[in-house]
Amino acid sequence: MTALAADSATPAATPPPSDEQSPGWVRAQGMLAKELRGRMRGPRAFVVLSLYLLFLVGFTLLIYFLAKLSATSNPATPIGKPVFLGLVAFQLGLVCFLAPSFTAGVISGERERQTYDLLMTTPLSLTLIIAAKLFAALAYVFLLIIAALPLLAISLFLGGVAPEEVLIAFLMLFASALLFGTVGLCFSAWVRSTIGAAALAYGAMLIPVVALPIVAATGFSFLAAILSSNNTTSPGLAAAVYYIGGFILSLNPFIAGGLTEAIIAANKSLFFFTLSSPFGSGSGTVFAIGPWIIYTVMALLGTVFFFLLSLRLSRPTRGGGGRRRGPAAQP
Amino acid sequence: MTPIVETRGLTKRYGPFQALEELNLTIEPGVVFGFIGPNGAGKTTSMRILATLLEPTSGEAWVGGYSVSREPKSVRQVIGYMPDNFGVYDNMKVREYLDFFAAAYGLPRGRRLGLIDDLLALVDLSEKKEGYVEALSRGMKQRLCLARTLVHDPQLLILDEPASGLDPRARIELRALLRQLGALGKTVIVSSHILTELADICDHVGIIERGRLLASGSITEMLRQVQTNRVVLVRMIADARMSDEDIAGRVRSIGGVLDVAIEPLASTPRGAPAAVAMEATRARALSQIIPGEGPPPPHLQPVPAALPVDMLGVSSVEQRLVAVAAVAPARMVRIEFDGDDYRLYQLLGELLTRGLPVYGFTEEVGDLEDAFMRITRGMVA
């Protein structure tokens, strides 16, 4: 009591001595420590990581033996490639599934726990709160991705995989985690319940992952068939169809990864390449960008968009329904 | 002095529902202000606007001189807010909980360590420092939340129903804590449904109903405002020489007296030494006012042998009076009176002059519940 009374005499806004950390840094540290502690404390994080790695080892061994069996009929096929592709596809699926579920509760969970108001009345900026929560939620997803690195390294030893393929795979995995994580975050800020937010986030995730490629592939194949059968197709129309179709297909991480692999197999540049007569003779030559670049850039842009939207939706006075009629005089 | 809280025409609508209507409120620094009103009156809405959690539909509010709409960050440095319903974080220790909020206010680590110990001592949770917050009882969580509101030494505490859901012991402890904060000079805005609790800790109150502030001011002022006439409670020692009608007649003859009601006092001493001693003291005082002249009343009995009157060293006159007090019920005379403090003083003199055996004279001051009931019924404009 005495100490507090004595403390009361000292204004809270007293500037800290020069050797102390700035209040902004202290706030950021405190917020991050709290979020990471909440995620990592206890046996759950360790158990989940261990089980995940055990499962991944089993999965890798399964692909290895399947590849080994098929390699007996075609000894020239390197075993590393199917192991690598299988692992990356599995991790990509995991990221699409885990990232929204990890972030769907970050804001709605605060509301459900009735701790949101306490947080909002502190001087912590909304950007810091949301960024720290996103980082802590995705840190565990990143940990799962990185934990699989030794297994991916095995595929390098087995042959058929270039280091840049591993780098591209990691880039796409991280970009996917950020995109689907911010989608979950956005719904968490919008919907009051975590279950509702998670359901909506999965629904939203299915659009680029499942619905979009089906629609785009069907439409693209249909148009390609028409254009290929028509010898009078102008190069401009062919290029437009190619770009739009290719862009939409590249929004799906699995298709973008698969197309990238196809480009590598065709010994083309990973970044930019040209494609002659994509829809038969006379349809001209198109200049193309690597699908993984399109996916990564769009995923990062989507991340920024959904993050900003989350900030807007997380404002405590959101839906307050009011603007001041006019400025009142300061007393 | 600049008010710590000022609102002007503060209005809040939720669709067609008017939660607050033109709220004009001023709270001076250092005041413990009680916000009273029925459910849905607008207390929580007002507090949430002051806590920067809600934007008003119109009007303006300032806290510590900062506008809650235009300078919410500055307002947050000034306030400590405790909502009516709040939760705690899982997997977090009590020390970590306070440390997190202290860090949120930018307090450096070195300063936080000592502060946490002080705050835990203040709210009597030092022993739970390394315990997990979710394992605390509700009362402990309330106290922890109160400690949390104090981490940055705010000028103003906004506590929305801090005692709701607490058991009697926790309520008493929380009330004592709020009194301590008031003594520390903190300005506190506290809402509660239990008016007797507020009366105990607040020096100012605001009564709100249907979004409108009906009355605001110090409790004393408000009680005086709601009371049309003064009521004096006069305790008279038992005296069979006077009937109730006789007493009522004598009192009514005094100027300014509007009404008189008499009832027997339930707590008449009957042989308990301590009670007899008390009556003897009163009798001793009375004997100086009423001399022993006149014939003794027929009902007077000798002091019962069981009563240790001799030990008290009283005279025979006093003994008789003690005996009267011990065997007959005293009276409580309720006098409704119109007059100022000087007339009140005169009333006491008149009662004694008329030979009434007065041994207690107090003015009845209405309580907060009376004021609340009268004001919310529209009895006060």
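Chain letters run A, B, ... following the sequence lines, proteins first and then strands; every chain starts at 1.
- Taking CG of Asn91(B) as the reference point, atom CZ of Arg39(A) lies at 11.5 Å (rounded to 0.5 Å).
- Here Leu124(A) contributes atom CG and Tyr105(B) contributes atom OH; the two are 8.5 Å apart, rounded to the nearest 0.5 Å.
- Only the backbone of Val88(B) comes within contact range of chain A, with at least one heavy atom under 4.5 Å from a heavy atom of that chain.
- Residues Gln77(B) and Pro123(A) come closest through the heavy atom pair NE2-CG, 3.5 Å.
- Between Asp117(A) and Arg48(B), the closest side-chain pair of non-hydrogen atoms falls below 4.5 Å.
- Minimum interatomic distance between Leu107(B) and Val26(A) (heavy atoms only, all atoms of both residues): O-CG1, 3.3 Å.
- Atom CZ of Arg192(A) has 12 or fewer neighbouring heavy atoms from other residues, nucleotides or ligands inside a 6.0 Å radius.
- Proximity to chain A (any heavy atom under 4.5 Å) is shown, for Tyr81(B), by both the backbone and the side chain.
- Here Thr122(A) contributes atom OG1 and Phe100(B) contributes atom CZ; the two are 6.5 Å apart, rounded to the nearest 0.5 Å.
- Residue Glu112(A): no heavy atom, backbone or side chain, is found under 4.5 Å from chain B.
- Within 6.0 Å of atom CZ in Arg179(B), more than 12 heavy atoms from other residues, nucleotides or ligands are found, so the atom counts as buried in its surroundings.
- Environment of CD in Glu127(B): sparse, with no more than 12 heavy atoms of neighbouring residues, nucleotides or ligands closer than 6.0 Å.
- Between Thr115(A) and Gly87(B), the shortest heavy-atom distance links the atoms CG2-O, 3.3 Å.
- Of the options Glu110(A), Arg37(A), Glu35(A), a side-chain contact (heavy atoms from CB on, under 4.5 Å) to Tyr89(B) is made by Glu110(A) and by none of the others.
- Taken to the nearest 0.5 Å, the CD atom of Glu55(B) stands 7.0 Å off from the CZ atom of Arg315(A).
- Residues passing the side chain to side chain donor-acceptor pair (under 3.5 Å) test with Arg113(A): none are found, sequence neighbours excluded.
- In this structure, Ile195(A) places its CD1 atom where only 12 or fewer heavy-atom neighbours from other residues, nucleotides or ligands lie under 6.0 Å away.
- Met92(B) approaches Lys34(A) most closely through the heavy-atom pair CE-CG, 3.2 Å.
- More than 12 heavy-atom neighbours from other residues, nucleotides or ligands sit within 6.0 angstrom of NZ on Lys141(B).
- Here the CE-CG distance, from Met120(A) to Leu53(B), works out to 8.5 Å after rounding to the nearest 0.5 Å.
- Atoms OG1 and CZ, on Thr121(A) and Arg148(B) in that order, are 5.5 Å from each other to the nearest 0.5 Å.
- Under a cut-off of 6.0 angstrom, the local environment of OH in Tyr52(A) is crowded, with over 12 non-hydrogen atoms contributed by other residues, nucleotides or ligands.
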